[in-house]
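First listed ligand is number 1; within each ligand, the first listed atom is number 1. Below, each value reflects all heavy atoms present in this structure, side chains not excepted, and no hydrogens, waters or symmetry copies.
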Amino acid sequence: MASATPATCKVVLAATVAKGLLAEVTEGLSKLNIKPKLVGFLANGDPAAQVYADYCAKTCRENGFEFDLRVVEKDKIEQAIIEANADKTVHGIIVYYPIFPRTSGQDRYIQNLVAAEKDVEGLCHKYLFNMYQNIRFLDEQNTQKSILPCTPLAVIKVLEYLQIYNSILPYGNRLFGKTVTVINRSEVVGRPLAALLANDGAKVYSVDLDGVDLFTRGQGIKAPRHQVHKQEGWGLKECLPISDVVISGVPGDQFKVPVELVRDGAVCINFSSDKNFDNAAVKEKASIYVPAIGKVTIAVLLRNLLVSA
Ligand SMILES: NC(=O)C1=CN([C@@H]2O[C@H](COP(=O)(O)OP(=O)(O)OC[C@H]3O[C@@H](n4cnc5c(N)ncnc54)[C@H](O)[C@@H]3O)[C@@H](O)[C@H]2O)C=CC1
Ligand SMILES: Nc1nc(=O)c2c([nH]1)NC[C@@H]1CN(c3ccc(C(=O)N[C@@H](CCC(=O)O)C(=O)O)cc3)C=[N+]21
């Protein structure tokens, strides 16, 4: 039987968003007379990390960067990073996580081992501190931007491309009036993302297995940086119907966003390696659907590498 009127949802692919960013990178690279080198450390058997590493290699090669993947044992990762920090031929370092069990907190130590000037992923303490504190520059003259964590920044680049960021408003307030749900509150993606969006003025519901946290700069976004409040008793049922944007990053193929709760015309973005949205269902509800963002993440990474070099 012929289906009803086709869905009017616009699907935006990461490649489209990445294109503009990569063009900027290529232009910048043409002004350098060296070939910047990124070193990737793979110390886990995680298939998602392997796929991502392969993809980093391909994108580096295609865009004029050198990529050196170093597969090391878990107990050798510390020394290997220290050596790369001291090696002047290395311009950027990326370590694929997770390496150690999540509950051990050991990955956090590894994140902080990477020298700040080579930390193209923006996961060392100094950059995370600046991000959470809403400190945007490294110097007092405001000429050198602080590095933002890559995946959260990639989501922001997608939101800018989609014009969810309102450029009528001053820089730093461009999400004022927007309500966003972020499903995932990990330390590398979900929590920094919620903080960044709230620092830019959004009201953000951060959803994880332990409940919902509201990240906001308060009424009239008068606070200089985000504050966090527990939303006792809340779940997706309360957040989704009031959200303009729904961003999901739950690992595993078990989880699906209950699209029936999503507001008609919302913007839906998936950053998980797995499909968190049922394709057909989301297209019936969303105004815009972004099925993956990996390519944007790598474009942002290369931009940081260029700055490091
Ligand atoms: N597109 C990209 O550039 C990137 C994608 N990823 C992908 O994003 C996903 C998440 O990565 P990480 O944050 O590093 O993983 P993670 O495993 O550290 O964190 C996942 C979080 O989701 C939460 N969670 C699990 N089930 C949930 C549910 N039903 N509802 C709400 N929260 C739930 C967990 O409690 C945890 O806090 C993975 O699939 C990963 O491969 C990660 C980094 C970059
Ligand atoms: N330090 C560190 N940083 C990471 O960013 C990191 C990591 N470790 N460990 C492994 C995970 C996994 N990961 C993904 C990247 C892209 C897609 C993604 O969007 N993939 C697309 C395909 C990519 C494309 O072709 O656009 C898809 O599944 O449809 C998924 C997962 C990053 N990771």
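In this structure, atom 20 (N) of ligand 2 has its sub-4.0 angstrom surroundings free of protein heavy atoms.
Among the atoms of Thr297, none of the N or O lies under 3.5 angstrom from an N or O of ligand 2. Backbone and side-chain nitrogen or oxygen atoms of Ser273 are examined, and one is located within less than 3.5 angstrom of a nitrogen or oxygen of ligand 1. Backbone and side-chain nitrogen or oxygen atoms of Arg102 are examined, and one is located within less than 3.5 angstrom of a nitrogen or oxygen of ligand 1. Here's the thing with Ala49: none of its N/O atoms is less than 3.5 angstrom from an N/O atom of ligand 2. Between Ala14 and ligand 2, no pair of N/O atoms sits closer than 3.5 Å.
Here the side chain of Ser308 pairs a donor or acceptor atom with the backbone of Asn304 at under 3.5 angstrom.
Among protein heavy atoms, atom 9 (N) of ligand 2 sits closest to Tyr97 O, 2.7 Å. Scanning the protein heavy atoms around atom 30 (N) of ligand 1, the nearest turns out to be Ile183 CG2, 3.9 Å. Among protein heavy atoms, the minimum distance from atom 37 (O) of ligand 1 is reached at Asp208 OD2, 2.6 Å. In this structure, the protein non-hydrogen atom closest to atom 27 (C) of ligand 2 is Ala292 CB, 4.0 Å. The protein atom (non-hydrogen) at minimum distance from atom 28 (C) of ligand 1 is Leu209 CD2, 3.5 Å. Atom 13 (O) of ligand 1 has its closest protein heavy atom at Ser186 OG, 2.5 Å. Atom 16 (C) of ligand 2 has its closest protein heavy atom at Gly294 CA, 3.5 Å. For atom 3 (N) of ligand 2, the closest non-hydrogen atom on the protein side is Glu121 OE2, 2.7 Å. Closest protein heavy atom to atom 3 (O) of ligand 1: Thr297 OG1, 2.6 Å. When hydrogens are left out, the protein atom nearest atom 44 (C) of ligand 1 is Thr151 OG1, 3.0 Å; that is the closest non-hydrogen contact. Looking at atom 28 (O) of ligand 2, its nearest protein heavy atom turns out to be Ser273 O, 3.7 Å. At the shortest separation from atom 12 (C) of ligand 2 among protein heavy atoms lies Ala48 O, 3.9 Å. Considering only non-hydrogen protein atoms, atom 33 (N) of ligand 2 sits nearest to Tyr52 CD2, 3.6 Å. Nearest protein heavy-atom contact of atom 14 (O) of ligand 1 is Val188 CG2, 3.5 Å. The protein atom (non-hydrogen) at minimum distance from atom 11 (O) of ligand 1 is Asn184 ND2, 4.1 Å.
Judged by the 6.0 Å distance and 45° axis criteria, Arg185 is not positioned over the aromatic ring of Phe215. Geometrically, Arg108 does not engage Tyr97 in a cation-pi contact defined by less than 6.0 Å to the ring centre and at most 45° from the axis.
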request  = For side chain to side chain contact (heavy atoms under 4.5 Å, CB included), just list the numbers for Lys178 and Tyr165, CA-CA rounded to whole Å, side-chain angles, deciding distance to a tenth of an Å, and then say yes or no.
outcome  = CA-CA 9 Å; Lys178 296 289 191 296; Tyr165 273 76; over 6 Å; no
query = Yes or no on side chain to side chain contact (heavy atoms under 4.5 Å, CB included) for Val282 and Cys9, after CA distance, side-chain angles and deciding distance?
reply = CA-CA 8 Å; Val282 74; Cys9 174; 5.9 Å; no
request  = Test side chain to side chain contact (heavy atoms under 4.5 Å, CB included) on Thr297 and Val300 and set out the steps.
outcome  = CA-CA 5 Å; Thr297 308; Val300 169; 5.9 Å; no
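Residue Phe129 qualifies as open at atom CZ: its count of foreign heavy atoms under 6.0 Å is 12 or below. Crowding of Lys19 atom NZ: a count of heavy atoms from other residues, nucleotides or ligands under 6.0 Å not exceeding 12.
Distances below 4.0 Å separate heavy atoms of Phe255 from the following atoms of ligand 1: 29 (N). Residue-ligand proximity, Ile293 to ligand 2, at heavy-atom distances under 4.0 Å covers atoms 19 (O). If you number the atoms of ligand 2 from 1 as listed, the ones under 4.0 Å from a heavy atom of Val95 come out as 1 (N), 2 (C), 8 (N). Atoms of ligand 1 lying under 4.0 Å from any heavy atom of Ile293, numbered from 1 in the order shown and given with element: 1 (N). For ligand 2, the atoms sitting less than 4.0 Å from at least one non-hydrogen atom of Lys295 are 24 (C), 25 (O), 26 (O), numbered in the order shown with element in parentheses. Applying the 4.0 Å criterion to heavy atoms of Gly249 picks out, from ligand 1, the atoms 9 (C), 10 (C).
Residues that satisfy the salt bridge (charged side-chain N to carboxylate O under 4.0 Å, His left out) test with Lys31, not counting sequence neighbours, are Glu27.
Across all their heavy atoms, Val17 and Lys157 have their closest contact at CG1-O, 4.0 Å. Across every non-hydrogen atom of Leu306 and Gly28, the tightest pair is CD2-CA, 3.8 Å. Between Ala14 and Ala292, the shortest heavy-atom distance links the atoms CB-O, 3.3 Å.
Residue contacts with ligand 2, taken as heavy atom pairs separated by less than 4.0 Å, do not involve Val188 at all.
Ring pair Tyr289/Phe277: centre-to-centre distance below 6.0 Å.
Salt-bridge formation is detected for the pair Asp213/Lys230: a Lys NZ or Arg NE/NH1/NH2 atom is positioned less than 4.0 Å from an Asp or Glu carboxylate oxygen. Ion pairing between Arg136 and Asp200 holds under the 4.0 Å rule for side-chain N and carboxylate O. In this structure, Glu73 does not pair ionically with Lys76, as no charged nitrogen and carboxylate oxygen lie closer than 4.0 Å.
Using cut-offs of 30° and 60° for the angle between ring planes, the His226 and Tyr132 rings count as tilted.
Not a single heavy atom of Ala154 lies less than 4.0 angstrom from ligand 1.
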